[in-house]
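Report on one structure; see the data block that follows.
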There are 2 protein chains.
Amino acid sequence: MRAALHILDEHGLPDLTMRRLASALGVQPSALYWHFPNKQSMLAELSDRIVSRRSPDRTDEEWTARVATEAAALRDALLTYRDGAEVVSSTLAMGLGSTVAHDRLASAIAGGDFDDSTVDQAATAMLHFVLGHVFHEQQRMQYDSLGARPEPADGIEADASTPTTEFSFGIDLLVNGLLFSSQQAIDRS
Amino acid sequence: MRAALHILDEHGLPDLTMRRLASALGVQPSALYWHFPNKQSMLAELSDRIVSRRSPDRTDEEWTARVATEAAALRDALLTYRDGAEVVSSTLAMGLGSTVAHDRLASAIAGGDFDDSTVDQAATAMLHFVLGHVFHEQQRMQYDSLGARPEPADGIEADASTPTTEFSFGIDLLVNGLLFSSQQAIDRS
DNA sequence: ACCTGAACACCGTTCAAGT
DNA sequence: ACCTGAACACCGTTCAAGT
């Protein structure tokens, strides 16, 4: 796992092959298949390690702030390793890997007193957004790092929106969506 | 493109190799490289075809309904071909492919009279959700089709939430988030 | 303009056999 | 329990050469 994370971070997911991992460990490729049934399950274990980095669990009084904190911690964890979002995203899509990312978001959202189905579906929607956002963000990072990056033209700072503010915008949108629903429920009562 | 779409739908993305596509066309693999610089650009063209299926553009009076319609049309387009969401998602992440999906969502959202930056970021967030959702949905489809699907136990219909209702829930959340913002703006004035 | 033939430098995975 | 050696059945891509 340590060797795999090193290859991932240093050379990216396309270079993280079973053969390359084996040679980094000074071992034949076939040796890995005593420890893992296949490459997917090796990536699933890697995915769990990336996602499990504990967040600084400040128990905020406001559930909305806790959701924002949890989402930001997840983003940070994904950003820790190159192609982290892609590894986690494809692992979860395959139905592999732990559900800890979803569960942490769900537990924060549950602070808003919604029914179980709402909590679950909101957490899923938020997880999709986070993975999609960071995947996109990391792709741009290595595109920029090797391509011609279009410098912000002229004297004007062209763009006030950074990846971080864009991320917060999306999370706020989802949280506000939940607030809107509960407020409407109150209005009707 | 026709042959590629056929392989994609019949055998899935992992089987859509340049060599296999070539042999389906009765041609050597190297022949494809006269038409495309590499596999990525071939997939990008495929992605554009999948996404460009025109939606029944009913010009709904309510912008919220138009957003829902546009999002559902995008989901339908992605569901038309096996692994459609994965093809489009990876293409867009690479910075390839057209921006038509984003643009259609943005144009629907713009009906709510938000500033350009809000429209753009909301469309991006929504696109991430749609791609993440359908990717997940399609992965479950082929997992179910070849694995042991856990039948809804007992006499009770265990689950009221279908992929379609889950999808609508997420879109509604994002739309309500936008409504919440504009309503707060009114409250302050 | 469009394609072939042959090669290069790789993959993931299996499995008998070794220690 | 853990690994080697050798093989199987593939990949994407390049490039001189053909028509």
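Letters A, B, ... are given to chains in the order of the sequence lines, protein chains preceding strands, and every chain is numbered from 1.
- Between L32(A) atom CG and M18(A) atom CE the span is 5.0 Å, to the nearest 0.5 Å.
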Problem set entry | Step-by-step side chain to side chain contact (heavy atoms under 4.5 Å, CB included) determination, R82(B) to L13(B) | CA-CA 8 Å; R82(B) 166 130 71 135; L13(B) 187 56; over 6 Å; no

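- With hydrogens and angles ignored, the 3.5 Å screen pairs a side-chain donor or acceptor of T17(B) with a backbone N or O of R20(B).
- With C1' as the reference atom, dC10(C) and dA9(D) are 13 Å apart, rounded to whole Å.
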Exercise. In the 5'-to-3' direction, what one-character label does each nucleotide of nucleotides 2-13 of chain D receive under the scheme B = base within less than 4.0 Å of a protein heavy atom, S = sugar-phosphate only, - = no such atom?
Worked result: BSBB-B---BBB

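- The aromatic rings of F129(A) and H128(B) are tilted relative to each other, their planes meeting at an angle between 30° and 60°.
- Rounded to the nearest 0.5 Å, atoms CG (N176(B)) and OG (S181(B)) are 10.5 Å apart.
- Under the side-chain contact (heavy atoms from CB on, under 4.5 Å) test applied with P163(B), the options H136(B), Q138(B), E137(B), M141(B) reduce to a single match, E137(B).
- Both L179(B) and V67(B) belong to a single network of hydrophobic side chains, linked directly or stepwise wherever heavy atoms of I, L, V, M, F, W or Y lie under 4.5 Å apart.
- L173(B) and M126(B) fall within the same hydrophobic cluster, where Ile, Leu, Val, Met, Phe, Trp and Tyr residues are linked whenever their side-chain heavy atoms come under 4.5 Å apart, directly or through other members.
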Problem set entry | Watson-Crick and G-U pairing of DNA chain D written in dot-bracket, each distance under 3.5 angstrom, with | for inter-strand partners | ||.|||||...|||||.||

